**Student:** 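This structure is in structure tokens; I'll ask about it shortly.
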Amino acid sequence: MLRRARAVPAGFVTTYGDLCPKAPRFAGAVMSNAGDGVPWHRVVRADGSLAVGERQRRRLEAEGVPFRGARVEMERAWVPAERLG
DNA sequence: GTGATGACGGAAA
DNA sequence: CTTTCCGCCATCA
């Protein structure tokens, strides 16, 4: 799970549901626990909205993640967890 | 063992 | 498109 999160390249994002389809909430809890060492900012909700806050958005924009209003353009930035490895 | 909660997701109105 | 409601599995009190 965390392995996938780490495999997400800069400029792209994945979703909690991708990392843990059976318990997406659990994925979030794990990320929080993981803290640093994982690009947690590249993990967003399935609809592209952010879960953490402004901090996350800044990081994503800095990496060139396309935004549409308050949400990420999943069509462009979403990389399915399956493709990570 | 039980009940409540959460960095979520999908369906319905 | 937005707002509501229920289900999911693991943790914690």
Side-chain angles (χ1 to χ4, degrees):
Chain A
M1 180 196 286
L2 288 173
R3 192 172 109 54
R4 291 292 162 77
R6 269 179 295 210
V8 180
F12 292 87
V13 299
T14 191
T15 72
Y16 297 98
D18 271 345
L19 299 179
C20 190
K22 314 186 91 58
R25 310 180 73 137
F26 177 61
V30 173
M31 304 292 286
S32 144
N33 192 316
D36 295 340
V38 223
W40 52 269
H41 54 277
R42 294 182 197 153
V43 186
V44 302
R45 293 190 188 175
D47 64 340
S49 60
L50 304 186
V52 179
E54 226 174 299
R55 209 171 48 225
Q56 180 173 19
R57 169 146 180 188
R58 266 198 66 150
R59 286 170 181 260
L60 292 176
E61 286 186 307
E63 293 183 347
V65 175
F67 268 82
R68 193 171 62 190
R71 288 172 251 162
V72 175
E73 288 192 42
M74 300 307 275
E75 298 282 339
R76 298 196 212 174
W78 178 45
V79 53
E82 333 309 27
R83 286 198 75 177
L84 297 177

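Not measured: the values here are computed from a predicted model. The chains referred to below are lettered A, B, ... by the order of the sequence lines, with proteins before strands, and numbering in each begins at 1.
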**Student:** More than 12 foreign heavy atoms under 6.0 Å from CH2 of A:W78: is that the case here?
**Tutor:**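 Incorrect, the count does not exceed 12.
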**Student:** Find the distance between CG (A:L84) and CG (A:D18) and round it off to the nearest 0.5 Å.
**Tutor:**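 Reported value, rounded in 0.5 Å steps: 8.0 Å.
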**Student:** Would you kindly give the CZ-to-P distance between A:R59 and B:dA7, to the nearest whole Å?
**Tutor:**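 Checked: the CZ to P distance equals 18 Å.
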**Student:** Take atom CZ of A:R25 and atom C1' of C:dC8, then tell me their distance rounded to the nearest Å.
**Tutor:**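 Rounded to whole Å, this separation is 8 Å.
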**Student:** Please round to the nearest 0.5 Å and tell me the distance separating atom CE of A:M74 and atom OG of A:S49.
**Tutor:**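 Reported to 0.5 Å precision, the distance equals 9.0 Å.
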**Student:** Tell me whether A:V13 shares a hydrophobic cluster with A:V79, the cluster being built from Ile, Leu, Val, Met, Phe, Trp, Tyr side chains joined at under 4.5 Å.
**Tutor:**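 Different hydrophobic clusters.
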**Student:** What is the distance, rounded to the nearest whole Å, between atom NZ of A:K22 and atom P of C:dT11?
**Tutor:**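 Between P of C:dT11 and NZ of A:K22: 15 Å.
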**Student:** Starting at atom CE of A:M1, determine the distance to atom P of C:dC9, rounded to an integer number of angstrom.
**Tutor:**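 Answer to the nearest Å: 13 Å.
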**Student:** Taking the minimum atom-to-atom distance to the side chain of A:A51, which one of B:dA7, C:dC9, B:dG9 wins?
**Tutor:**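 Selected nucleotide (nearest to the side chain): B:dA7.
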**Student:** Base, sugar-phosphate or nothing for A:R71? Non-hydrogen atoms, less than 4.0 Å.
**Tutor:**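 Answer is sugar-phosphate: A:R71 comes under 4.0 Å of backbone atoms only.
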**Student:** Without decimals, in angstroms, what is the distance between A:D18 CG and B:dA7 C1'?
**Tutor:**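 Value for this atom pair: 15 Å.
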**Student:** What is the separation between atom CH2 on A:W40 and atom P on B:dC8, rounded to the nearest whole Å?
**Tutor:**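 To the nearest whole Å, that distance equals 13 Å.
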**Student:** What is the distance, to the nearest angstrom, from the CZ atom on A:F26 to the C1' atom on B:dA4?
**Tutor:**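 One finds 18 Å between C1' of B:dA4 and CZ of A:F26, rounded.
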**Student:** Would you say a side-chain N or O of A:R45 is under 4.0 Å from OP1 or OP2 of B:dG6?
**Tutor:**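 So the side chain of A:R45 is outside the cut-off, no N or O lying under 4.0 Å from OP1 or OP2 of B:dG6.
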**Student:** Nearest whole Å is fine: how far is C:dC1 P from A:D47 CG?
**Tutor:**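 These atoms are roughly 11 Å apart.
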